[in-house]
**Q** 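Below is one structure. I have some questions about it.
Lettering of chains follows the sequences in order, A, B, ..., and the numbering in each one begins at 1.
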Number of protein chains: 2
Amino acid sequence: MQTRHRPYHHGDLRAALLARAEETLRDKGQAALSLRELARDLGVSHAAPSRHFKDKQALLDALALIGFERFTDHFAGSQERAGESFAQRLDAAVRAYVGFALANSALLDLMYSIKHDPQASEALTAAVNRWYEETTGLIAEGQRLGEVREGPTDRVALPVLMTLYGFAGMAVSGLLAPEALEEQLNDVIAYILRGCARE
Amino acid sequence: MQTRHRPYHHGDLRAALLARAEETLRDKGQAALSLRELARDLGVSHAAPSRHFKDKQALLDALALIGFERFTDHFAGSQERAGESFAQRLDAAVRAYVGFALANSALLDLMYSIKHDPQASEALTAAVNRWYEETTGLIAEGQRLGEVREGPTDRVALPVLMTLYGFAGMAVSGLLAPEALEEQLNDVIAYILRGCARE
DNA sequence: ACCTGAACACCGTTCAAGT
DNA sequence: ACCTGAACACCGTTCAAGT
């Protein structure tokens with residue numbers, strides 16, 4: 001039986017590079033990520049990656065894009081599984097943020113270090129917008145339920161976003177005591193509920 | 001008139017390296033920071049920096065340390081100039097965070113990307129503790145004034161810290177619209193006040 | 001279209017040797 | 001004590017040439 005014909009490599013070098021890059025990121029950190037080593041690992045010449053990523057930053061951007069998409073899926077999934085009240089949805093949201101951060105710490109660092117200029121890639125901008133809208137949707141839903149103060153949803157949501165962003169970032173940086181995590185989660189949830197409460 | 005005798009170089013290569021490194025960081029970003037270029041700029045051999053920093057990471061750690069120290073000074077100074085009420089002090093605190101972030105964006109990125117293991121340098125750990133205590137002191141003062149809810153100060157302060165941390169991080173990442181900054185500041189201050197309000 | 005191989009201009013790190 | 005110079009083992013990027 002003959003193996004299926006493949007152009008040169010195993011068919012999708014781009015996807016293979018991204019997959020291997022994420023493994024390296026997870027195992028050895030961003031500093032240890034090199035295009036040449038990636039190419040060696042995949043049995044391809046060191047110049048091959050340039051066909052798929054114009055430079056190293058383009059590969060990092062693509063990884064960050066994957067991170068934003070995965071996070072949004074993770075967040076949306078946890079919202080679907082959550083209860084109906086705002087408090088229950090917020091609980092699920094905070095856990096989604098921190099859970100993702102702890103399970104994807106190097107990737108989150110990369111996502112946080114990306115500069116979101118207006119001239120960033122279209123796909124990245126779209127993914128960041130989806131992330132923003134998904135989290136903001138939580139507040140919109142709370143307003144609809146009458147459990148969150150009225151006002152422009154973006155303005156009510158932004159402080160909450162900052163708190164979630166900060167929680168995830170501090171967790172990844174090692175600034176939070178892991179053994180107090182459950183306590184921190186509960187404190188933050190109660191704090192956000194007060195911050196969003198109706199007047 | 002004879003120039004004063006200098007050992008080899010201009011006396012304090014370590015300080016000169018840090019100063020030049022911060023300029024480069026500010027002007028061209030962390031990616032453009034190279035020990036060899038630093039050495040060239042200072043007219044010294046490329047191996048000279050290794051006398052003062054055992055490797056590149058040690059120089060980055062030293063820069064982050066400077067960042068934490070400068071931020072704490074900036075924060076403490078702004079608290080001294082602030083009014084007496086908790087709302088006034090919180091206003092000053094939020095502005096100190098965001099102001100520092102916008103004025104030292106590359107340095108803040110570096111500070112955020114530092115991993116705070118227990119085996120980090122003693123000086124860095126001390127600087128981070130000073131940062132933490134300075135911000136937590138704001139909450140302690142609010143409690144003393146009876147304007148902030150009771151309870152263990154660390155637990156009341158942590159959600160506030162996360163919000164401030166997130167505000168600074170999102171500002172530096174370009175996730176906030178600069179023209180809405182004043183509005184965002186006021187919204188966040190009101191949100192934190194509600195989050196900290198007495199029961 | 002996709003990849004190779006060689007070339008170029010850089011890196012960080014180490015270490016004997018100099019002052 | 002502090003720095004130099006050479007050496008080593010890497011990088012990212014480019015480009016003619018191959019299939």
Side-chain angles (χ1 to χ4, degrees), chain A residues 2-25 27-65 106 109-110 113-115 121, chain B residues 2-25 27-65 106 109-110 113-115 121:
Chain A
Q2 201 182 334
T3 80
R4 187 115 49 79
H5 177 263
R6 296 175 299 189
Y8 234 59
H9 180 259
H10 44 67
D12 196 350
L13 180 56
R14 194 191 135 90
L17 284 164
L18 286 172
R20 190 80 183 93
E22 205 199 324
E23 272 181 58
T24 307
L25 193 65
D27 297 343
K28 304 195 269 174
Q30 181 171 347
L33 201 59
S34 113
L35 290 176
R36 287 180 103 112
E37 188 173 12
L38 245 37
R40 275 195 302 270
D41 290 348
L42 297 174
V44 96
S45 91
H46 65 258
S50 74
R51 283 288 133 189
H52 303 281
F53 301 101
K54 82 171 215 292
D55 56 20
K56 191 179 181 180
Q57 189 56 51
L59 181 132
L60 296 177
D61 288 352
L63 280 173
L65 171 60
D109 265 345
L110 207 161
S113 70
I114 293 285
K115 291 287 159 280
S121 93
Chain B
Q2 200 183 336
T3 79
R4 186 118 48 80
H5 177 263
R6 295 177 298 188
Y8 234 59
H9 179 258
H10 45 66
D12 197 349
L13 180 55
R14 194 191 134 90
L17 283 164
L18 286 170
R20 189 80 183 93
E22 205 200 324
E23 272 181 57
T24 306
L25 194 64
D27 297 344
K28 304 196 270 174
Q30 181 171 349
L33 201 60
S34 115
L35 290 176
R36 287 179 103 110
E37 188 174 12
L38 244 37
R40 275 195 302 270
D41 290 348
L42 297 175
V44 96
S45 90
H46 64 258
S50 74
R51 282 288 134 189
H52 304 280
F53 301 101
K54 82 172 216 291
D55 55 21
K56 191 180 182 181
Q57 189 57 51
L59 181 133
L60 295 178
D61 288 352
L63 280 173
L65 170 60
D109 264 346
L110 208 161
S113 70
I114 293 285
K115 290 288 160 281
S121 94

**Q** Using a cut-off of less than 4.0 Å, is there contact between a side-chain N or O of B:His52 and OP1 or OP2 of D:dC3?
**A** yes

**Q** Would you kindly compare A:Arg36 and B:Ser50 by the position of their nearest DNA chain C nucleotide and give the one closer to the 5′ end?
**A** A:Arg36

**Q** Please find the pair of heavy atoms, one from A:Leu110 and one from A:Ala64, that lie closest to each other, and give the distance.
**A** CD2-CB, 3.7 Å

**Q** On the nucleotide C:dC11, are OP1 or OP2 found under 4.0 Å from the side-chain N or O atoms that B:Arg40 carries?
**A** yes

**Q** How many angstroms lie between CZ in A:Arg40 and CG in A:Leu35, if you round to the nearest 0.5 Å?
**A** 11.0 Å

**Q** So B:Asp109 and A:Lys115, side-chain contact (heavy atoms from CB on, under 4.5 Å) or not? Walk me through it.
**A** CA-CA 10 Å; B:Asp109 264 346; A:Lys115 291 287 159 280; 2.6 Å; yes

**Q** Expressed as a whole number of angstroms, how long is the span from B:Leu33:CG to C:dC10:P?
**A** 17 Å

**Q** Please report the interatomic distance OG(A:Ser45) to CZ(A:Arg51), rounded to the nearest 0.5 Å.
**A** 10.0 Å

**Q** Rounded to the Å, how far apart are B:Leu35 CG and C:dG12 P?
**A** 5 Å

**Q** For A:His46 and D:dC11, what is the distance between atoms NE2 and P respectively, to the nearest whole Å?
**A** 11 Å

**Q** Round to the nearest Å and state the distance from B:Leu13 atom CG to D:dT4 atom C1'.
**A** 13 Å

**Q** Rounded to whole angstroms, how far apart are CD on A:Glu37 and C1' on D:dG12?
**A** 14 Å

**Q** Quick one, B:Leu63 with B:Leu33, criterion side-chain contact (heavy atoms from CB on, under 4.5 Å). Give me CA distance, side-chain angles, the key distance, then yes/no.
**A** CA-CA 12 Å; B:Leu63 280 173; B:Leu33 201 60; 4.1 Å; yes

**Q** Quick check for you: to the nearest 0.5 Å, what is the distance between A:Leu59 atom CG and A:Lys54 atom NZ?
**A** 12.0 Å

**Q** Round to the nearest Å and state the distance from A:Arg51 atom CZ to D:dA16 atom C1'.
**A** 11 Å

**Q** Quick one: B:Leu42 CG to D:dT4 C1', roughly how many Å, whole number?
**A** 16 Å

**Q** Can you tell me how far the CD atom of B:Gln57 sits from the CG atom of B:Leu60, to the nearest 0.5 Å?
**A** 5.0 Å

**Q** Go ahead and write out DNA chain D as dot-bracket, 5' to 3': ( ) for pairs within the strand, [ ] for ones crossing earlier pairs, | when the partner sits on another strand, dots for unpaired; Watson-Crick or G-U wobble, both distances under 3.5 Å.
**A** ||.|||||...|||||.||

**Q** From A:Leu38 CG over to A:Leu42 CG, what is the distance, rounded to the nearest 0.5 angstrom?
**A** 6.0 Å

**Q** Please check the phosphate of D:dC10 (OP1 and OP2 only) for any side-chain N or O of A:Ser34 closer than 4.0 Å.
**A** no

**Q** Does anything in residues 53-62 of chain A come within less than 4.0 Å of DNA chain C? Heavy atoms only, and list the residues if so.
**A** none

**Q** With rounding to the nearest 0.5 Å, note down the distance linking CZ in B:Arg20 to CG in B:Leu25.
**A** 12.0 Å

